[in-house]
Undergrad: 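Have a look at the structure that comes next, please.
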Number of protein chains: 4
Amino acid sequence: MAGSTFGTHFQITTWGESHGAGIGVVIDGCPAGLSLSQEDIQAYLNRRKPGQSRYATPRKEDDAVQILSGTFEGKTTGTPISLVVFNQDQRSRDYSEIAGYYRPGHADYTLDAKYGFRDYRGGGRSSGRETIGRVAAGAVAAKLLEEFGVSVLAYSRSIGPVEIASDPGAALFQDSSPEAVLALRKSIYGNPLYMPDSDAASRAQEYLEECMKNKDSAGGIIECVLTGVWAGVGDPVFEKLDAALAKSIFSIGAVKGFEIGDGFAAAKSRGSENNDSFYHDENGQVKKRTNHSGGILGGISDGSPIVFRAAVKPTPSISSLQQTVNKNGEDIEISIRGRHDPIIVPRAVVVVEAMAALTIADLILSNAGARTEYLKKIYGAGSKHSHS
Amino acid sequence: MAGSTFGTHFQITTWGESHGAGIGVVIDGCPAGLSLSQEDIQAYLNRRKPGQSRYATPRKEDDAVQILSGTFEGKTTGTPISLVVFNQDQRSRDYSEIAGYYRPGHADYTLDAKYGFRDYRGGGRSSGRETIGRVAAGAVAAKLLEEFGVSVLAYSRSIGPVEIASDPGAALFQDSSPEAVLALRKSIYGNPLYMPDSDAASRAQEYLEECMKNKDSAGGIIECVLTGVWAGVGDPVFEKLDAALAKSIFSIGAVKGFEIGDGFAAAKSRGSENNDSFYHDENGQVKKRTNHSGGILGGISDGSPIVFRAAVKPTPSISSLQQTVNKNGEDIEISIRGRHDPIIVPRAVVVVEAMAALTIADLILSNAGARTEYLKKIYGAGSKHSHS
Amino acid sequence: MAGSTFGTHFQITTWGESHGAGIGVVIDGCPAGLSLSQEDIQAYLNRRKPGQSRYATPRKEDDAVQILSGTFEGKTTGTPISLVVFNQDQRSRDYSEIAGYYRPGHADYTLDAKYGFRDYRGGGRSSGRETIGRVAAGAVAAKLLEEFGVSVLAYSRSIGPVEIASDPGAALFQDSSPEAVLALRKSIYGNPLYMPDSDAASRAQEYLEECMKNKDSAGGIIECVLTGVWAGVGDPVFEKLDAALAKSIFSIGAVKGFEIGDGFAAAKSRGSENNDSFYHDENGQVKKRTNHSGGILGGISDGSPIVFRAAVKPTPSISSLQQTVNKNGEDIEISIRGRHDPIIVPRAVVVVEAMAALTIADLILSNAGARTEYLKKIYGAGSKHSHS
Amino acid sequence: MAGSTFGTHFQITTWGESHGAGIGVVIDGCPAGLSLSQEDIQAYLNRRKPGQSRYATPRKEDDAVQILSGTFEGKTTGTPISLVVFNQDQRSRDYSEIAGYYRPGHADYTLDAKYGFRDYRGGGRSSGRETIGRVAAGAVAAKLLEEFGVSVLAYSRSIGPVEIASDPGAALFQDSSPEAVLALRKSIYGNPLYMPDSDAASRAQEYLEECMKNKDSAGGIIECVLTGVWAGVGDPVFEKLDAALAKSIFSIGAVKGFEIGDGFAAAKSRGSENNDSFYHDENGQVKKRTNHSGGILGGISDGSPIVFRAAVKPTPSISSLQQTVNKNGEDIEISIRGRHDPIIVPRAVVVVEAMAALTIADLILSNAGARTEYLKKIYGAGSKHSHS
């Protein structure tokens with residue numbers, strides 16, 4: 001499979017460069033009959049668009065999405081859904097300088113090494129704008145998941161050295177009611193850094209101000225919790241739910257680490273501490289007393305909230321002096337100008353949500369073939385008329 | 001794609017359960033003309049087979065591999081390579097107890113939730129024996145990589161709280177000569193825990209002894225370094241080299257975290273610290289002064305060693321008392337008997353190597369289509385006779 | 001995807017050469033809970049094994065299948081089903097002659113051109129024995145289809161110039177009751193050529209005797225009818241049901257043509273003749289008055305029997321003199337010795353059934369994701385407990 | 001894989017409906033460094049656009065293509081190439097009538113059966129306009145093939161009962177020089193029916209006039225010849241070159257039959273007639289004396305021109321009276337009004353070329369991994385610097 005396609009059943013293909021005509025995505029395999037409007041998608045895109053706060057690039061882009069195909073009378077038809085955001089901010093500035101050298105921490109050098117040359121305008125295909133396609137498609141996946149009571153919530157867990165005090169994953173393990181989900185979402189949206197802890201957000205802003213003053217940038221950790229995923233989604237071998245999530249999240253530029261449940265802390269733990277005990281709740285349902293597993297056992301969802309974290313590196317574009325090479329074979333010093341995000345984390349929060357939603361939607365579709373009895377529920381057994 | 005297939009170009013499909021007839025793998029897409037013998041593969045399997053030390057299950061299994069197809073006169077033919085290890089230790093012990101309850105930390109509950117029932121003998125498809133197919137196939141991938149000067153080395157970086165003092169990834173960044181690679185390999189094989197630091201290995205053994213005395217188990221961190229991967233392998237979007245590695249490593253049971261280069265530490269770093277400067281070496285080659293990126297920029301290899309780590313949870317099978325549920329709807333207490341590894345890490349080291357080799361081999365094959373000029377090198381241009 | 005894998009959801013991977021250790025297949029994606037025994041599979045293999053009549057190679061092969069994984073207590077577990085037939089007839093005859101030249105009509109030359117060399121023993125991977133894996137897997141697919149009332153029947157429609165007088169496809173369009181299906185099956189099995197017309201079979205035998213006397217070989221046409229496939233299976237664009245069938249049937253060696261419904265005759269027809277009118281039957285079901293379409297409209301099944309034909313070329317291995325080249329650069333004359341089928345058609349009948357069953361099974365699984373309401377039938381809507 | 005994606009290495013995803021915003025395609029996996037302009041693509045689209053002759057719908061559509069991504073400074077960058085044709089002719093006519101019944105020979109009924117409802121405006125996704133994406137992508141594939149000296153030529157071999165007298169496939173087997181290819185192409189473009197035989201074209205026009213007078217439609221046979229494909233492209237098992245072509249051509253709406261080389265005639269032939277003898281030509285190259293195989297042996301190209309034929313059914317939209325059903329459960333009579341092609345064949349000729357080009361391009365890319373030595377030609381062996 002070529003590299004711009006993600007998913008097998010709920011499959012997306014993204015296209016577009018930072019300074020080309022636009023950015024788009026084709027979703028193939030979305031089931032028919034799902035209510036879908038342009039607004040559903042725009043709401044997600046608005047969360048990643050530039051200019052939301054002083055901690056994001058002030059570049060002016062409306063990022064207005066258009067649905068070009070795949071819906072009819074407000075519902076998906078089962079055929080490919082083509083979504084596009086045309087680029088507005090394509091002013092023909094002079095890229096000759098950037099064309100001639102390799103920016104440290106960027107893909108400039110590796111793109112040249114792979115393809116022999118590159119579209120150097122604004123990072124081309126490796127620009128953060130590539131995630132527009134992911135977020136637009138993720139909004140559709142999230143809409144589908146809603147039909148099954150699945151919610152996906154991501155937020156900034158830490159920015160630089162500042163971490164939130166609360167543990168939203170643990171809280172949702174205790175209570176994953178729609179009200180609890182809504183309360184967390186409100187708290188996340190309560191500040192421009194998408195931290196569900198206003199005190200931590202204030203301190204993080206101070207930290208960012210200092211970074212900006214020093215012409216430097218910051219990283220952080222995004223945490224994501226999925227509620228409502230029933231036990232049994234995923235696969236025991238290569239398509240483990242956690243493996244699929246790891247790939248989808250790691251495919252977001254700037255992610256350098258991924259962990260689920262106790263994650264790296266589990267490496268120092270003991271079996272007696274790390275194992276989650278099972279019990280029957282008052283309704284006779286099998287439940288776990290703890291959620292060290294992060295909602296996944298043996299690659300398959302265990303019915304508890306799925307909790308994972310992604311480490312995001314500091315924005316590589318900084319205006320302080322850096323050493324690099326140019327195409328004339330010279331070692332040079334550069335200072336990157338332009339409008340750059342001092343931190344990627346807040347705008348990447350919705351990208352993480354989108355990729356998680358796409359991953360789960362794909363696996364839920366895949367899972368429909370897991371049991372012969374599932375197919376009989378759809379098609380009936382031995383009677384060609386029962387399903388029509 | 002069904003869940004037991006991995007890779008697109010160098011593609012493997014594994015099969016088999018812990019207590020069935022055997023475990024196997026079919027490799028489809030291995031290029032023709034590669035020298036390959038049963039011994040090449042057996043050497044890898046011997047590193048994961050049980051009974052190597054007192055920190056591994058004493059179960060008796062030779063794990064002798066047979067090549068059933070795909071080679072002729074000592075070379076691969078380009079057709080599927082079928083490898084099998086028949087199970088020896090299939091004594092018909094009584095599984096009725098384990099059949100009736102869900103072991104904490106295992107996939108028993110989730111397999112039932114997905115498929116409606118499960119092969120409960122020894123974990124079935126979710127057993128660690130499933131990795132035999134991966135290791136056998138990984139040995140073939142590693143043989144292919146050797147042809148291009150790529151080496152893959154994994155080792156135990158930490159066991160429980162005990163970590164090695166050396167930094168093999170940094171050392172290979174300075175010197176990745178065949179001699180340096182060989183020296184590290186010797187050091188890794190110098191103790192049964194595969195730690196390239198004999199002092200740490202001694203302390204780790206003490207820690208494990210204590211765990212065993214307490215009927216408990218331990219986890220740890222496996223680190224892996226790939227040398228010789230040239231700049232340009234990988235993909236800028238969904239098939240990023242790091243994303244592909246993340247999935248392949250996370251598809252190994254018990255892995256709970258994955259990071260590349262500085263990993264989670266990058267989240268607390270600043271751009272000025274995290275960016276790796278470029279320079280020209282004495283041969284005019286583009287090099288990096290540091291390797292915070294772990295050898296990958298924008299999803300594509302940057303020519304530096306690729307360095308990643310995986311967090312492995314403690315073995316869930318422990319003999320101390322645990323609480324769980326049985327199929328009669330009762331909450332019960334259990335104590336797991338039998339021959340279990342007190343730690344998974346040392347035997348998983350070669351599984352990590354195997355999955356890394358399979359991932360890189362797949363992407364190197366994929367990369368052959370990246371440039372029109374590459375295809376001309378193979379086929380010539382416009383002349384149908386030049387390539388025969 | 002490497003070339004020995006077929007299917008996306010019900011996915012098979014075959015391996016093995018004519019004179020290697022054996023031939024096998026791994027089925028990944030078969031739903032859990034399907035009753036399956038070795039006998040189910042052996043019954044299909046027996047229909048393709050050599051030595052059934054004087055019109056097939058007298059080579060001695062039992063072709064006894066073993067299930068190595070994927071079932072437990074007589075049911076599929078949802079994990080990979082590994083099937084193997086070990087080769088018995090591997091006597092080390094001298095292949096040095098055949099190794100040195102290219103047999104006309106065979107893949108000897110093209111395999112060398114692709115891979116640089118080949119396993120020349122008995123055709124290697126391009127041998128007819130490769131179809132063992134397909135037939136074994138097809139038996140499992142057919143077992144699954146039975147659960148939904150789908151039957152697959154293939155037969156020899158013509159051998160050389162001799163064609164059957166009956167039109168089984170038209171008959172099943174009028175009456176596709178289980179009794180009608182059974183009666184046709186009996187008629188097919190009534191002679192070693194699998195022609196559902198004993199008179200035609202007699203004449204075809206005379207034709208074959210004459211071919212054999214002249215050291216020559218014959219071709220023919222296989223027809224296949226699928227009953228019980230409900231309307232709605234398939235896809236409107238690239239994964240059209242007829243396109244998927246075309247590929248699966250054309251992937252059988254020696255097939256040179258494929259047509260569905262009226263096929264090539266439709267090219268000379270007019271719209272008013274070729275269109276099938278719709279009407280409501282006595283139960284209010286939508287039906288067609290004719291079946292020129294062969295059961296597929298716009299790539300999707302229309303509820304009528306699916307009828308297709310495959311043209312099979314004459315066996316290329318003939319003992320009369322032929323001109324070819326050897327590896328010394330000489331033009332030579334050869335006469336192929338050994339035990340060869342004078343006609344491929346009768347033994348290929350079950351291979352066509354197998355490939356058709358695999359294709360439909362894959363698309364039925366795929367179709368489970370076509371509608372949001374289908375998924376709700378499986379998982380419930382918004383309640384994580386309703387499906388357990 | 002969802003159904004709107006074709007190919008594995010040179011992979012395309014199409015989207016769009018007849019009366020939506022537009023029709024498009026994303027090409028992922030096209031190698032970097034290929035010269036490509038909008039004109040290259042428009043030239044292909046112009047051959048399928050409506051209104052070219054009185055035997056095509058007079059609908060007014062410019063079908064002007066735009067390249068939205070994937071090229072830079074006139075060359076492909078290796079990233080996804082997004083192509084779009086916006087629909088002009090979307091006048092909001094009244095579709096309420098067509099919405100209520102099922103047109104015979106169309107996908108109306110089967111789309112409803114699959115998805116539960118359909119976009120009934122102009123056939124939606126099952127419209128002939130869907131092929132715009134294929135043709136646009138096929139133009140890019142053809143541009144790539146040109147780099148390797150491969151040409152793809154399709155033409156109308158027969159229309160209704162009228163067949164061309166010449167045998168272009170046989171002629172190109174004797175002489176496949178660029179001059180011979182060009183001469184055939186001129187002859188094809190010499191009449192609006194794309195028949196390389198002006199006498200046959202005249203008679204075919206008379207036949208079509210009569211069909212139109214009778215409010216009826218006609219079918220025909222498209223033949224396609226590929227020259228310059230060297231021996232060794234394809235695969236011995238499921239991804240046979242002929243199987244891949246069969247699927248790609250059968251995925252074009254209205255195709256009901258496909259054959260390669262002697263095709264269905266081979267079924268009546270004998271081995272001694274059907275086998276193609278090998279010999280060495282004056283340059284010592286291996287050649288065949290005849291081309292009954294149609295350029296493919298054992299699924300792999302044999303170096304001779306590849307010759308195949310597709311049977312196309314008559315246009316199902318006819319204005320004479322037809323019987324069908326409506327959604328009120330009534331049996332009704334209809335007469336389809338509007339601007340319809342009396343024959344699909346001439347406009348489908350370029351669609352066949354496009355699908356053939358896409359298929360071969362995909363397999364040529366795939367083939368780059370067939371031999372270890374091929375990879376060494378690209379990457380060097382054991383030296384990470386030799387390829388940069």
Side-chain angles (χ1 to χ4, degrees), chain A residues 1 3-4 6 8 102 104-105 107 110 113-114 116 125-126 161 216-217 219-221 231-232 235-240 242-243 246-247 250-251 256-259 263-264 266-268 270-272 274-275 277-279 286 297-298 300 302 311 313-316 318 320 323-325 331 370-371, chain B residues 1 3-4 6 8 102 104-105 107 110 113-114 116 125-126 161 216-217 219-221 231-232 235-240 242-243 246-247 250-251 256-259 263-264 266-268 270-272 274-275 277-279 286 297-298 300 302 311 313-316 318 320 323-325 331 370-371:
Chain A
M1 208 172 302
S4 288
F6 178 84
T8 302
Y102 297 134
T110 55
K114 179 176 173 78
R125 183 71 178 146
S126 292
D216 214 335
S217 62
I221 293 175
D235 190 275
V237 188
F238 296 117
E239 299 298 318
K240 283 186 168 78
D242 30 1
K247 184 174 189 178
F250 240 100
S251 76
K256 302 299 286 184
F258 176 86
E259 60 179 9
F264 275 87
K268 295 189 180 168
R270 300 202 181 190
S272 59
N274 189 255
N275 285 348
S277 297
F278 292 108
Y279 71 101
V286 174
L297 282 170
I300 304 172
D302 65 19
K313 74 174 185 180
T315 317
I318 52 176
S320 54
Q323 297 180 316
T324 191
V325 297
D331 290 1
R371 302 189 196 181
Chain B
M1 210 173 301
S4 288
F6 177 85
T8 302
Y102 295 134
T110 55
K114 180 177 173 76
R125 183 71 178 146
S126 292
D216 215 335
S217 62
I221 293 175
D235 191 274
V237 188
F238 297 117
E239 299 297 319
K240 284 188 168 77
D242 31 0
K247 184 174 189 178
F250 240 100
S251 77
K256 302 300 287 183
F258 175 87
E259 59 178 9
F264 274 86
K268 295 189 180 169
R270 300 201 180 191
S272 59
N274 189 255
N275 285 347
S277 298
F278 292 108
Y279 72 101
V286 174
L297 281 171
I300 303 172
D302 65 18
K313 75 174 184 179
T315 318
I318 52 175
S320 54
Q323 297 181 317
T324 190
V325 297
D331 290 3
R371 302 189 196 181

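Chain letters run A, B, ... following the sequence lines, proteins first, then strands; residues in each count from 1.
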Undergrad: Looking at every heavy atom in both A:Ala243 and B:Ser251, which two are closest together, and how far apart are they?
TA: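 So the minimum-distance heavy-atom pair works out to CB-N, 3.7 Å.
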Undergrad: Would you name the heavy atoms of A:Ala246 and B:Phe250 that are closest together and state the gap between them?
TA: CB-CD1, 3.6 Å
Undergrad: Tell me which of these, B:Ser217, B:Gly263, B:Ala267, has more heavy-atom pairs under 4.5 Å with chain A than the rest.
TA: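 Highest number of heavy-atom pairs under 4.5 Å: B:Ala267.
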Undergrad: Taking all non-hydrogen atoms of both residues, which atom of A:Phe278 and which atom of B:Thr324 are closest, and how far apart?
TA: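 Here A:Phe278 and B:Thr324 meet closest at CD1-OG1, 3.2 Å.
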Undergrad: State, to 0.1 Å, how close A:Ile300 and B:Lys114 come at their nearest heavy-atom pair, and which atoms those are.
TA: CD1-CD, 3.9 Å
Undergrad: Using atom types as modelled and distance alone, determine if a side-chain donor or acceptor of A:Thr110 lies under 3.5 Å from a backbone N or O of B:Leu297.
TA: yes
Undergrad: Given the options A:Ala370, A:Pro104, A:Gly116, which has more heavy-atom pairs under 4.5 Å with chain B than any of the others?
TA: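 Ranked by heavy-atom pairs under 4.5 Å with chain B, first place is A:Pro104.
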Undergrad: Could you measure the distance from the CG atom of B:Asp235 to the CZ atom of A:Arg125? Nearest 0.5 Å is fine.
TA: 8.5 Å
Undergrad: If you count heavy-atom pairs under 4.5 Å between each of B:Val286, B:Asn274, B:Asn275, B:Thr315 and chain A, which one has the most?
TA: B:Asn275
Undergrad: Closer than 3.5 angstrom, by distance alone: can the side chain of B:Ser126 be matched with the main-chain N or O of A:Pro236 as a donor-acceptor pair?
TA: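 A pair under 3.5 Å: no.
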Undergrad: Taking every heavy-atom pair that is under 4.5 Å apart, which of B:Gly257, B:Ser320, B:Ala107 has the most such pairs with chain A?
TA: B:Gly257
Undergrad: Could you tell me which of A:Gly219, A:Ala266, A:Gly271 has the largest number of non-hydrogen atom pairs under 4.5 Å with chain B?
TA: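 If we count pairs closer than 4.5 Å to chain B, A:Gly271 comes out on top.
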Undergrad: List in chain and number order the residues that pass salt bridge (charged side-chain N to carboxylate O under 4.0 Å, His left out) with A:Asp302, two or more places apart in sequence or in another chain; answer none if no residue qualifies.
TA: A:Lys288
Undergrad: Would the distance check show the side chain of B:Asp331 and the main-chain N or O of A:Tyr279 forming a donor-acceptor pair, the cut-off being under 3.5 Å?
TA: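 No; judged by distance alone, with no hydrogens or angles, the pair does not exist.
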Undergrad: In terms of relative ring orientation, are B:Phe238 and A:Phe6 parallel, tilted or perpendicular, with 30° and 60° separating the classes?
TA: tilted
Undergrad: Restricting to non-hydrogen atoms, name the atom on A:Val237 and the atom on B:Ser4 that form the minimum distance, rounded to 0.1 Å.
TA: CG2-OG, 4.0 Å
Undergrad: Considering residues at least two apart in sequence or located in another chain, which fulfil the salt bridge (charged side-chain N to carboxylate O under 4.0 Å, His left out) criterion with A:Lys247?
TA: B:Glu239
Undergrad: Measure the CD1-OG distance between B:Ile318 and A:Ser272 for me, rounded to the nearest 0.5 Å.
TA: 5.0 Å
Undergrad: Looking only at heavy atoms, which two atoms of B:Arg270 and A:Pro314 are closest? And how far apart?
TA: C-CG, 3.3 Å
Undergrad: Measuring from B:Lys256:NZ to A:Phe258:CZ, what's the distance to the nearest 0.5 Å?
TA: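 Between B:Lys256 NZ and A:Phe258 CZ, I get 9.5 Å after rounding to 0.5 Å.
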Undergrad: Need one label for B:Asp242: side chain, backbone, both or neither, based on atoms under 4.5 Å from any heavy atom in chain A.
TA: both
Undergrad: Please rank B:Gly232, B:Gly298, B:Gly105 by heavy-atom pairs under 4.5 Å with chain A and give me the top one.
TA: B:Gly232
